[in-house]
Amino acid sequence: MAGIKFNKISKIYDRDVTAVNKAEFEIKDKEFVVLVGPSGCGKSTLLRMIAGLEEISSGELFIDDKLVNDLPPKDRDISIVFQNYALYPHMTAYENLAFGMKIRKIKKKEIHTKVIETAKILEIEDLLNRKPRAMSGGQRQRIAIGRAIVRNPKVFLFDEPLSNLDAKLRVQMRIEIAKLHKKLQTTIVYVTHDQIEAMTLGDRIVVLNKGEIQQFDTPENIYNKPNNLFVARFIGAPPMNTIDGKFTKNNTEIEFLDNSKTITVNLPLNDKFNKFIDKEVVFGIRPEDIYIKQNENIKNYITVCCKIEFTEKTGPEIYVYFQIANNQFIARLEVSANIIKGKKIDLYFDTDKIFFFNKESEKIIN
């Protein structure tokens, strides 16, 4: 197996369109790394450059400590699973799994052994005589993954492999891919726009926006310690609530006040906050850190009076929508909460879970 190293990798298309700008990070051997971000952020371009399907404009790409910029795809020892499965419709599952090995003139007996071993790993032995049209989407995706496994490559690449599946099947296939990684102990690079997939599958996550890496870290740190406002807003469902305001200083503490003068937070004097006195900052809090009643396990609160505009029940939880000035806020509460649309209520914000960002640079302050 192999690690992958990006040394200031860029991809620039015609008319000076930069898809990826000086990407610099390293994927460890046997690590599961997810590339996530909105459409057009450069994640699939990065994946295709690893595969050799996209030419690198500048920088160096290493696989297993070997420079591969000019190495053709067939010589990189990688396998890729695409969104649309890319199966041969006229071939059975067995023939689809065997085809790549047949082209490489591997002996029939070895091909058969590898196909059967792979079928057992993916639990698709009963599908081997079927053609793709006689399979469900999930079954076709298993065959596509199996075709990658039989090659026993150094690196597996997944390009949004679950986006064509329904919600229930996506959950099942996520579990199967996680199990597969544990069984095979191989390096996996996985592209998705779905943050749930990213958070549940990745050992580490690369968050991209407009061709720039915003953060490369564990799922826990991406969620609890976002580098900037983009990461904070992109990761989390529902997304983080934010509102603009300012820090002011008195003798003993620093005070945050939002521009509508609705939210007031008293903060200790420290060097981080002192730098932003009388400057525009952004307040942020996640929906699950807002409560309808005080919790004895939480020490510090601020109270915000608001009018409930809309509610959504999702089963065990209820999403409560309200506005502060012209900013939409969401609280994620237990479904048992007594919430009435149009009613004014007090909500409690856990002040130990509040984030502050530099308005100008959008970087995290605390």
Just so I know, are the side chains of Asp278 and Thr248 near enough to count as touching, which here means a heavy-atom distance under 4.5 Å? yes
Within-4.5 Å side-chain heavy-atom neighbours: Val304 and Phe329: no
Using atom types as modelled and distance alone, determine if a side-chain donor or acceptor of Thr187 lies under 3.5 Å from a backbone N or O of Ala2. yes
For Asp194 and Thr192, the nearest pair of non-hydrogen atoms, with its separation, is N-OG1, 2.9 Å
Would you name the heavy atoms of Pro268 and Phe273 that are closest together and state the gap between them? O-CD1, 3.7 Å
Working to the nearest 0.5 Å, report the span between CD1 of Ile4 and CD of Glu31. 9.5 Å
Indicate yes or no: at least one non-hydrogen side-chain atom of Thr45 is less than 4.5 angstrom from one of Tyr13. yes
Working to the nearest 0.5 Å, report the span between CD1 of Ile149 and CG of Leu122. 4.0 Å
Taking the side chain as every heavy atom from C-beta outward, state whether Val33 and Phe216 have any pair of such atoms under 4.5 Å apart. yes
Is Phe234 linked to Phe357 within one hydrophobic cluster, defined over Ile, Leu, Val, Met, Phe, Trp and Tyr using a side-chain heavy-atom separation of less than 4.5 Å? no
Does atom CG (Asn250) have a neighbourhood of more than 12 heavy atoms from anything else shown, all under 6.0 Å? yes
Would you say the side chains of Asp258 and Ser260 form a donor-acceptor pair under 3.5 Å? yes
Are side-chain heavy atoms of Leu128 and Thr92 found at a separation under 4.5 Å? no
Looking only at side chains, do Thr303 and Asp346 share a donor and an acceptor under 3.5 Å apart? no
Using atom types as modelled and distance alone, determine if a side-chain donor or acceptor of His181 lies under 3.5 Å from a backbone N or O of Thr186. yes
Evaluation steps, side-chain contact (heavy atoms from CB on, under 4.5 Å), between Leu267 and Asn366: CA-CA 11 Å; Leu267 303 161; Asn366 57 333; over 6 Å; no
Please report the closest heavy-atom contact between Ile340 and Ile308, naming both atoms and the distance. O-CB, 3.7 Å
Minimum heavy-atom distance Ile106-Ile111, with the two atoms named: O-CD1, 3.3 Å
I'd like to know if the side chain of Thr118 reaches the main chain of Gly146, judged simply by a donor and an acceptor atom lying under 3.5 Å from each other, with no hydrogens or angles considered. no
Quick check against the 3.5 Å criterion: does Asn96 have a side-chain atom that pairs as donor or acceptor with the backbone of Tyr88? yes
Whether the side chain of Glu54 engages the backbone of Ser44 through a donor-acceptor N/O pair (distance < 3.5 Å, no angle test) should be reported. no
Should Leu53 and Ile50 be regarded as members of a common hydrophobic cluster, given that ILVMFWY residues are connected when their side-chain heavy atoms come within less than 4.5 Å of each other, either directly or indirectly? yes
Can you confirm whether Asn358 sits close enough to Lys275 that some side-chain heavy atom of one is under 4.5 Å from a side-chain heavy atom of the other? no
Examine Ile364 and Phe230 and state if one hydrophobic cluster contains both, with Ile, Leu, Val, Met, Phe, Trp and Tyr joined whenever side-chain heavy atoms are less than 4.5 Å apart. no
Rounded to the nearest 0.5 Å, what's the gap from CD1 on Ile222 to CE on Met199? Could you check? 7.5 Å
Hydrophobic cluster membership, Phe310 vs Ile339, 4.5 Å side-chain cutoff: no
Distance flag, aromatic centroids of Phe276 and Phe356, threshold under 6.0 Å: no
Please round to the nearest 0.5 Å and tell me the distance separating atom CG of Asp29 and atom CD of Gln185. 9.5 Å
Using a 3.5 Å distance criterion without hydrogens, assess whether the side chain of Asp203 forms a donor-acceptor pair with backbone atoms of Phe32. yes
Return the minimal non-hydrogen interatomic distance between Ile318 and Val335, and the atom names on each side. CG2-CA, 4.0 Å
When Lys363, Glu362, Gln214 are each screened for side chain to side chain donor-acceptor pair (under 3.5 Å) with Asn228, the one that passes is Gln214
Quick one: does Asp64's side chain have a donor or acceptor within less than 3.5 Å of a partner on Lys66's backbone? no
For Leu347 and Phe322, run side-chain contact (heavy atoms from CB on, under 4.5 Å): C-alpha distance rounded to whole Å, both residues' side-chain angles, the deciding distance at 0.1 Å, then the answer. CA-CA 10 Å; Leu347 290 174; Phe322 58 99; 3.5 Å; yes
Charged N-O contact under 4.0 Å between Asp244 and Lys359: yes
For the atom pair SG (Cys306) and NZ (Lys344), what is the distance rounded to the nearest 0.5 Å? 9.5 Å
Test your reading of the model: is there a side-chain donor-acceptor pair from Glu110 to the backbone of Lys107, 3.5 Å cut-off? no
Nearest heavy-atom pair of Gln215 and Asn227: which atoms, and what distance? OE1-N, 2.6 Å
From CD1 (Ile298) to CG (Asp289), nearest 0.5 Å: 7.5 Å
Donor-acceptor contact below 3.5 Å, side chain Arg142 vs main chain Glu123: no
Indicate yes or no for a side-chain donor-acceptor contact from Arg174 to the backbone of Glu197 under 3.5 Å, with no hydrogens or angles considered. no
Quick one: do Leu35 and Val189 satisfy side-chain contact (heavy atoms from CB on, under 4.5 Å)? Show the steps, please. CA-CA 7 Å; Leu35 310 180; Val189 186; 4.0 Å; yes
pair Val20-Leu208: side-chain heavy atoms closer than 4.5 Å: no
For atom NZ of Lys11, is the number of surrounding heavy atoms from other residues, nucleotides or ligands below 6.0 Å larger than 12? yes
Heavy-atom check, side chain of Leu46 versus side chain of Phe6, under 4.5 Å: yes
Please say yes or no: joined through hydrophobic side-chain contacts below 4.5 Å, possibly via intermediate residues, are Leu229 and Val36 part of one cluster? no
So for atom CG, which belongs to Asp126, do other residues, nucleotides or ligands contribute more than 12 heavy atoms lying within a distance under 6.0 Å? yes
Give a yes or no on whether the ring-centroid distance for Tyr348 and Tyr291 is below 6.0 angstrom. no
Count the heavy atoms belonging to other residues, nucleotides or ligands that lie under 6.0 Å from CZ of Arg104, then report whether that count exceeds 12. yes
Does Asp65 have more than 12 heavy atoms from other residues, nucleotides or ligands lying within 6.0 Å of its CG? no
side-chain contact (heavy atoms from CB on, under 4.5 Å) for Lys102 and Glu95? Distances and angles first, verdict last. CA-CA 9 Å; Lys102 189 176 178 182; Glu95 291 166 336; over 6 Å; no
